[in-house]
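Note: hydrogens, waters and symmetry copies are ignored here, and every other heavy atom, side chains too, is used.
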Amino acid sequence: MTAVARERRQTLLFLGELRPFAPVFLDTEVDMTGVRVHQADARRRGDRYSTISYVLHAAARVLIDHPDANAAIRGRVFPRVARYPAANGKIALDKTLDGSRAVVSTVLRDLQDATLAEIQERIDYFRDGDARQQPEFAGVRALQRMPWPLRPLLFRLGVRPLSRRHTMFGTFAVSSLGHRAVDGFHAIGGTTVTLGLGRVVDRPVARDSRVVIAPMMRLNLAFDHRVVDGAEAADVLTEIKDSLERFGVSRGEAAAAPAVARAR
């Protein structure tokens with residue numbers, strides 16, 4: 001037997017924080033034809049946009065219209081809910097640090113105002129950078145080096161206050177395993193809403209009473225039932241799906257920005 005690698009210590013602390021969650025899982029399929037068209041047009045201009053960038057772009061704009069879902073909860077006997085004015089998206093990154101494969105996460109702030117290009121630029125910075133050197137991961141590196149009694153205490157002090165939670169954990173999370181042969185991916189990201197992305201695969205679908213082949217992606221949403229109910233979460237998932245499917249309609253980002261009207 002060997003000790004858990006130092007590079008995975010923050011993962012264990014994070015999982016310990018998830019115990020109070022009451023997760024419920026929803027899923028849908030998204031027709032990514034519009035996104036594929038938009039990506040192809042971008043490549044011809046010399047730009048590259050990843051699938052996760054489109055999801056972050058769409059989800060941030062939807063969640064800013066759902067303040068009850070863009071929120072966090074704290075406490076059991078006297079629970080309190082904080083609703084945040086910005087949509088901060090947390091992403092997980094697969095890194096190899098000192099020979100150990102580990103997951104590190106970062107929060108991309110104010111995504112409701114960010115363009116697709118700005119989101120992609122931030123993702124590229126963290127994806128391609130060295131987490132052992134980047135200043136944004138200085139806190140994680142310090143946490144990994146701390147002795148056990150101090151490590152969980154400081155972690156809890158950092159992430160539990162509602163006034164800081166949206167900057168430490170984000171207001172929503174997006175995780176993707178679509179680069180591998182994974183169709184559905186359910187995860188809990190420490191936020192009220194977590195989106196899990198599978199791969200984009202050409203599948204037969206019905207359109208106008210005809211069967212056609214279209215690029216489809218499984219989009220999963222986990223929500224914390226302590227904060228929102230299923231109807232609200234279903235609205236969020238449906239609007240993100242609709243937003244992604246409208247991408248490319250006007251050959252630009254504006255096609256994905258407006259949230260669809262919610263039925264009441």
Side-chain angles (χ1 to χ4, degrees), residues 18 21-40 42 48-63 66 69-70 87 89-94 103 105 108 111 116 119-120 123 127 170-208 210-225 228-249 253 255-256 259-260 262:
L18 298 185
F21 271 62
V24 179
F25 302 95
L26 310 176
D27 70 82
T28 188
E29 283 194 322
V30 180
D31 186 337
M32 298 291 281
T33 300
V35 169
R36 281 272 181 91
V37 170
H38 192 273
Q39 286 176 317
R48 183 192 62 82
Y49 298 127
S50 60
T51 299
I52 197 170
S53 294
Y54 290 91
V55 175
L56 287 164
H57 183 279
R61 285 153 174 77
V62 169
L63 281 167
H66 288 267
N70 198 54
K90 188 182 78 168
I91 59 172
L93 304 164
D94 181 26
V103 174
S105 61
L108 310 182
L111 293 183
L116 191 66
I119 294 172
Q120 187 64 54
I123 291 174
R127 184 199 62 203
T171 64
F172 71 101
V174 178
S175 292
S176 174
L177 291 177
H179 62 292
R180 304 296 288 173
V182 175
D183 292 322
F185 176 44
H186 296 273
I188 306 172
T191 49
T192 294
V193 169
T194 301
L195 298 167
L197 314 184
R199 59 180 176 169
V200 180
V201 180
D202 288 338
R203 302 186 190 279
V205 297
R207 283 186 186 162
D208 300 324
R210 294 184 302 112
V211 176
V212 300
I213 303 299
M216 304 298 294
M217 181 185 73
R218 181 77 62 80
L219 178 63
N220 304 311
L221 184 149
F223 69 94
D224 189 347
H225 210 334
V228 294
D229 294 325
E232 182 86 13
D235 286 346
V236 169
L237 181 61
T238 299
E239 292 176 27
I240 295 172
K241 167 186 166 72
D242 291 345
S243 183
L244 289 169
E245 291 183 340
R246 292 200 307 276
F247 231 110
V249 171
E253 293 179 29
V260 298
R262 298 187 292 277

Handout entry: Exam field: side chain D224 to backbone A22, donor-acceptor pair closer than 3.5 Å
Key =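 Yes, because the side chain of D224 sits within donor-acceptor range (under 3.5 Å) of the backbone of A22.
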To check you understand the geometry: which heavy-atom pair defines the closest contact between [X] and [Y], and what is its length?
X: L195; Y: A59; value: CD1-CB, 3.7 Å
X: K90; Y: G189; value: NZ-O, 2.5 Å
X: G230; Y: L26; value: O-CD1, 4.5 Å
X: L18; Y: G190; value: CD2-CA, 3.5 Å
X: S176; Y: I52; value: CB-CD1, 4.5 Å
X: L63; Y: A69; value: CD2-CB, 3.8 Å

Going from [atom1] on [X] to [atom2] on [Y], what distance comes out if it is rounded to the nearest 0.5 angstrom?
X: F185; Y: L177; atom1: CZ; atom2: CG; answer: 4.0 Å
X: D235; Y: D229; atom1: CG; atom2: CG; answer: 11.5 Å
X: Y54; Y: M217; atom1: OH; atom2: CE; answer: 12.0 Å
X: S53; Y: L108; atom1: OG; atom2: CG; answer: 9.0 Å
X: I91; Y: S175; atom1: CD1; atom2: OG; answer: 9.5 Å
X: F247; Y: Q39; atom1: CZ; atom2: CD; answer: 9.5 Å

Handout entry: Residue list, ring pair (Phe, Tyr, Trp, His ring centres under 6.0 Å) with H225, at least two apart or on another chain
Key =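 F223.
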Handout entry: Intermediate values then yes/no, side chain to side chain contact (heavy atoms under 4.5 Å, CB included), I123 and L56
Key = CA-CA 10 Å; I123 291 174; L56 287 164; 3.7 Å; yes
By side-chain hydrogen bond (donor to acceptor under 3.5 Å, both in side chains), which residues pair with [X], not counting sequence neighbours?
X: T194; answer: T191
X: D183; answer: R199, R203
X: T171; answer: N70
X: D31; answer: T33, R207

Practice task
List the steps, then state whether side chain to side chain contact (heavy atoms under 4.5 Å, CB included) holds for T28 with T238.
Solution key: CA-CA 8 Å; T28 188; T238 299; over 6 Å; no
Problem - Sequence-distant partners of K241, salt bridge (Lys or Arg N to Asp or Glu O under 4.0 Å), two or more places apart - result: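 If we apply the salt bridge (Lys or Arg N to Asp or Glu O under 4.0 Å) test to K241, skipping adjacent residues, the hits are E245.
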Exercise for the section: Tell me, with the steps shown, if L219 and L221 meet side chain to side chain contact (heavy atoms under 4.5 Å, CB included). Expected result: CA-CA 7 Å; L219 178 63; L221 184 149; over 6 Å; no
Exercise for the section: Taking the side chain as every heavy atom from C-beta outward, state whether H38 and L116 have any atom pair closer than 4.5 Å. Expected result: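 H38 vs L116: side chains touch.
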Handout entry: Validation row: E29, V205 side chains within 4.5 angstrom (heavy atoms)
Key =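 No - every pair of side-chain heavy atoms lies 4.5 Å or more apart.
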Handout entry: R36 and D202: CA distance, side-chain angles, deciding distance, side chain to side chain contact (heavy atoms under 4.5 Å, CB included) verdict
Key = CA-CA 11 Å; R36 281 272 181 91; D202 288 338; 3.8 Å; yes
